[in-house]
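A short write-up of the structure that comes next.
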Amino acid sequence: QLQLVESGGGLVQAGGSLRLSCAASGSIRSPSTMGWYRQPPGKQRELVATLTRGGSANYADSVKGRFTLSRDNAGNTAYLQMNNLEPEDTAVYYCNADFRPFPGIYWGQGTQVTVSS
């Protein structure tokens, strides 16, 4: 079964940077779409960014210009470069992968990102 292994979360000062990684393994093919979502304390999970294997990207307005999502050439690893972090970015960040139009949506366990003022 497919596994998503996340890394890179941590504590940073406002204005700092973090780089999250998500490695997908155990699938017979690479995901059609990989991305990141986040869930602040007491809030619903929300989109951060997604990127298809073909290179189509979608970013939440709140992170445009600050976050960059990329994937390796094989399409099995997603990277989220987060620059100019703000306290409002504090959340648990979840990696996501799907195989549209085929069934199956997968989530990582989440990694904590905390941005201090």
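Please read these numbers as outputs of a predicted model, since none were measured by experiment.
- The same ILVMFWY cluster, assembled from side-chain heavy atoms under 4.5 Å apart, contains both I105 and Y94.
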Kindly list each side-chain donor-acceptor pair under 3.5 angstrom involving residues 77-86, sequence neighbours excluded, with atom names and distances?
unit_1	atom_1	unit_2	atom_2	d
Q81	NE2	N83	OD1	3.0
N83	OD1	S17	OG	2.9

Next item on the list: Take S56 and L51 through the side-chain contact (heavy atoms from CB on, under 4.5 Å) test and state the conclusion after the steps.
Entry: CA-CA 6 Å; S56 296; L51 183 63; 5.9 Å; no

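- A distance of 8.5 Å separates CG of L18 from CG of L11, quoted to the nearest 0.5 Å.
- At a threshold of 4.5 Å between non-hydrogen side-chain atoms, the residues Q13 and S117 do not count as touching.
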Using distance only, find each side-chain donor-acceptor pair of residues 21-30 under 3.5 Å and give its atom names and separation, not counting sequence neighbours.
unit_1	atom_1	unit_2	atom_2	d
S27	OG	R29	N	3.2
S27	OG	R29	O	2.5
S30	OG	R53	NE	2.6

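- Under the 4.5 Å side-chain heavy-atom criterion for ILVMFWY residues, no single connected hydrophobic cluster contains both L4 and L69.
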Which donor-acceptor pairs under 3.5 Å do the side chains of residues 33-41 make with protein atoms, sequence neighbours left out?
unit_1	atom_1	unit_2	atom_2	d
T33	OG1	R100	NH2	2.8
R38	NE	E46	OE2	2.8
R38	NH1	D89	OD1	2.9
R38	NH1	Y93	OH	2.9
R38	NH2	E46	OE2	3.4
R38	NH2	S62	OG	3.4
Q39	NE2	K43	O	3.0

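- Between V113 and G9, the closest heavy-atom pair is CG2-CA, 4.2 Å.
- Checked by atom type, the side-chain pair T114/Q112 shows a donor-acceptor distance below 3.5 Å.
- Side-chain contact between S116 and V12 is absent, with no heavy-atom pair separated by less than 4.5 Å.
- Evaluation of the disulfide bond (SG atoms under 2.5 Å apart) test over residues 47-84, restricted to residues two or more places apart or in two chains, returns none.
- Between N96 atom CG and T50 atom OG1 the span is 8.5 Å, to the nearest 0.5 Å.
- For residues 102-111, no residue pair satisfies the side chain to side chain donor-acceptor pair (under 3.5 Å) rule, not counting sequence neighbours.
- Shown here are the side chain to side chain donor-acceptor pair (under 3.5 Å) partners of D61, two or more places apart in sequence or in another chain: K64.
- When all heavy atoms of Y59 and A49 are compared, the closest pair comes out as CD2-CB, 3.5 Å.
- Each salt bridge (Lys or Arg N to Asp or Glu O under 4.0 Å) pair with one or both residues in residues 7-24, not counting sequence neighbours, would appear here, but there are none.
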